[in-house]
Amino acid sequence: MLHSGMNAYTVHSVELDKAKKEMTVQLDKPDSLHVFYIKNPATKPYKAIPTLSEIHVYMKDSISYTLDEPHTLLMANVASIEMLEP
């Protein structure tokens, strides 16, 4: 999730450029966040277990981003990053 002021977006894809200290993100609606599950063959019957943690990126700005195009964000504009365990 990307948080910018009062707006929240699901990050559909991200490309990190360490040399330029920026990331390019494609955003989606907040309700499009999906948790992926895999079947654990060690349990009978198979039990779905979460495979991903949620990562929340909080921006210093309050820009309202569009959903139909990629956005390049400077890492200097990132206020904090928080990982939520499943």
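Keep in mind the model is a prediction, meaning the values are calculated, not measured.
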By side chain to side chain donor-acceptor pair (under 3.5 Å), Y58 pairs with (sequence neighbours left out) none

My understanding is that only residues two or more places apart in sequence, or in another chain, count here; which of them pass side-chain contact (heavy atoms from CB on, under 4.5 Å) with V11? L2, V14, V25, L27

Are the side chains of V78 and L73 in touch, meaning some heavy atoms are under 4.5 Å apart? no

Once side chain to side chain donor-acceptor pair (under 3.5 Å) is applied, do any residues pair with S80, and if so which ones, sequence neighbours excluded? none

Residue list, side-chain contact (heavy atoms from CB on, under 4.5 Å) with Q26, at least two apart or on another chain: H12, S13, P70

For H3 and A8 the tightest heavy-atom approach is ND1-CB, 3.9 Å

What is the distance from atom OG1 of T72 to atom CE of M23, rounded to the nearest 0.5 Å? 10.0 Å

When hydrophobic residues are tied together by side-chain contacts of less than 4.5 Å, even through go-betweens, does M75 share a cluster with Y9? yes

Would you call T24 and D17 a side-chain contact if the rule is heavy atoms closer than 4.5 Å? no

Who are the side-chain contact (heavy atoms from CB on, under 4.5 Å) partners of D61, not counting sequence neighbours? S4, M59, I63, Y65

Identify, with sequence neighbours excluded, every residue that meets side-chain contact (heavy atoms from CB on, under 4.5 Å) alongside S62. none

T10 side chain to K29 main-chain N or O, any donor-acceptor pair under 3.5 Å? yes

In this structure, are over 12 heavy atoms from other groups packed under 6.0 Å from E82 atom CD? yes

